[in-house]
Amino acid sequence: MRRDPRRGEADGRPVTLPSEKGAAVGRRIGIGLMYGLWKPRVLGAWRVPASGPVILAVNHAHNIDGPMLMGTAPRPVHFLIKKEAFAGPLGGFLEGIGQVKVDRDSTDRTAIANALGVLDQGGVLGIFPEGTRGEGDFASLRAGLAYFAVRSGAPIVPVAVLGSSERRGRLIKALPPLRGRVDVVFGDAFEAGDGTGRRTRKALDEATVRIQERLTAHLENARRLTGR
């Protein structure tokens, strides 16, 4: 699977953007695996805009949360994924399905250019705003989500994945019980900026606060809705 020939720039150098076709292939793979191994219940997928750039902000409590969203979202998703996951054959596979490698310990300008390129092309960018796997409650947000939302103007759709970390499977302890139900709840799209177009540090800090409030409210509503 070849990467898309369209290009962006990082530090003035051309960067090959993640493949749109690859992400579509990844979505088909995700559908087969997620619906084959578990029983996803998807609520509110119609809230994801049918076209144009959008950012899916997802809570992260288990390693299957990303693949689960790839297989249940109504559009192909390009996820920002830590560079450590791109080891060996898995790295080539992730690149082939249009995922974005990011170095979380530095200002990764190539990853930034790739992520903004996805949005410039009208694609879907998936982000775990907590930065790493944890309680999955949006308690600690990094500023990256606000930066991409304010810089691109793309709306954010909050997503809650619930049930992936409730119990361990009997056959494979690291995974949820096979054929168990996992809920994926999409919220209403919203704009992170204040309407002024400002991209200052203060504006990004204020956007981060607004984002956290919206994501936390969505997660609480999703838990009430699903009973989890």
Side-chain angles (χ1 to χ4, degrees), residues 1 20-51 54-82 85 89-90 93-94 96-100 123-139 145 155-189 214-228:
M1 290 176 284
E20 296 177 67
K21 292 182 179 179
V25 171
R27 178 172 180 265
R28 291 196 292 271
I29 294 173
I31 290 172
L33 286 177
M34 296 302 105
Y35 283 91
L37 295 175
W38 293 283
K39 295 180 179 179
R41 180 173 64 169
V42 183
L43 304 173
W46 56 269
R47 293 188 171 98
V48 178
S51 62
V54 63
I55 299 172
L56 301 183
V58 195
N59 66 322
H60 194 19
H62 196 282
N63 285 333
I64 74 159
D65 294 340
M68 181 61 67
L69 184 61
M70 289 176 64
T72 56
R75 295 171 59 188
V77 182
H78 301 268
F79 259 106
L80 279 173
I81 300 175
K82 62 183 180 180
L90 180 59
F93 172 74
L94 291 174
I97 61 171
Q99 305 309 294
V100 182
V124 180
L125 182 66
I127 295 181
F128 296 117
E130 296 159 290
T132 186
R133 181 163 50 92
E135 296 299 321
D137 57 2
F138 295 124
L145 174 55
I156 297 172
V157 172
V159 187
V161 179
L162 303 173
S164 60
S165 61
E166 287 180 350
R167 294 181 295 138
R168 292 186 176 185
R170 292 182 180 180
L171 296 178
I172 305 176
K173 300 296 185 182
L175 296 176
L178 298 180
R179 305 307 298 158
R181 196 187 83 202
V182 177
D183 291 323
V184 183
V185 186
F186 295 86
D188 292 321
R214 292 292 295 265
L215 298 188
T216 300
H218 170 66
L219 182 59
E220 293 174 353
N221 182 63
R223 285 173 171 162
R224 287 194 298 269
L225 185 64
T226 62
R228 309 194 90 141

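These figures come from a predicted structure and were not determined experimentally.
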Subject >> Chi angles and distances behind the side chain to side chain contact (heavy atoms under 4.5 Å, CB included) call for Thr72, Val182 >> reply: CA-CA 11 Å; Thr72 56; Val182 177; over 6 Å; no

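The two residues Ala160 and Leu219 make their nearest non-hydrogen contact at CB-CD1, 3.8 Å. Shortest non-hydrogen contact noted between Val58 and Pro129 is O-CD, 3.3 Å. Between Ile156 and Ala57, the shortest heavy-atom distance links the atoms CG2-CB, 3.9 Å. In terms of heavy atoms, Asp65 sits closest to Phe128 at CB-CE2, 4.3 Å. The nearest pair of heavy atoms linking Pro155 to Ala189 is CB-CB, 4.2 Å.
Side-chain atoms of Glu20 do not come within 3.5 Å of backbone N or O of Gly98 as any donor-acceptor pair. Judged by distance alone, the side chain of Asn59 and the main-chain N or O of Val161 form a donor-acceptor pair under 3.5 Å. Side-chain N or O atoms of Arg75 include one that pairs as donor or acceptor with a backbone N or O of Pro49 at under 3.5 Å. Between the side chain of Trp38 and the main chain of Pro176, a donor-acceptor pair closer than 3.5 Å is present.
Atom NE2 in His78 sits 8.5 Å away from atom CG in Leu125 (nearest 0.5 Å). Atom CG of Leu43 and atom CG of Leu225 lie 5.5 Å apart (nearest 0.5 Å). From Arg181, atom CZ reaches atom CG of Leu162 across 9.5 Å, with rounding to the nearest 0.5 Å. Here the CG atom belonging to Asp188 is positioned 7.0 Å from the CZ atom belonging to Arg214, to the nearest 0.5 angstrom. Of the inter-residue distances, the one linking Gln99 atom CD with Met70 atom CE reads 4.0 Å to the nearest 0.5 angstrom. Remark: Phe79 CZ to Leu69 CG distance equals 4.5 Å, nearest 0.5 Å.
Legend: residues meeting side chain to side chain contact (heavy atoms under 4.5 Å, CB included) with Arg224, ordered by chain and number and at least two apart, are Glu220, Asn221.
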List the atom pairs, with distances to 0.1 Å, where a side-chain N or O of residues 24-37 and a protein N or O form a donor-acceptor pair under 3.5 Å, not counting sequence neighbours.
from: Arg27; atom 1: NE; to: Ala73; atom 2: O; distance (Å): 3.0
from: Arg27; atom 1: NH2; to: Ala73; atom 2: O; distance (Å): 3.4

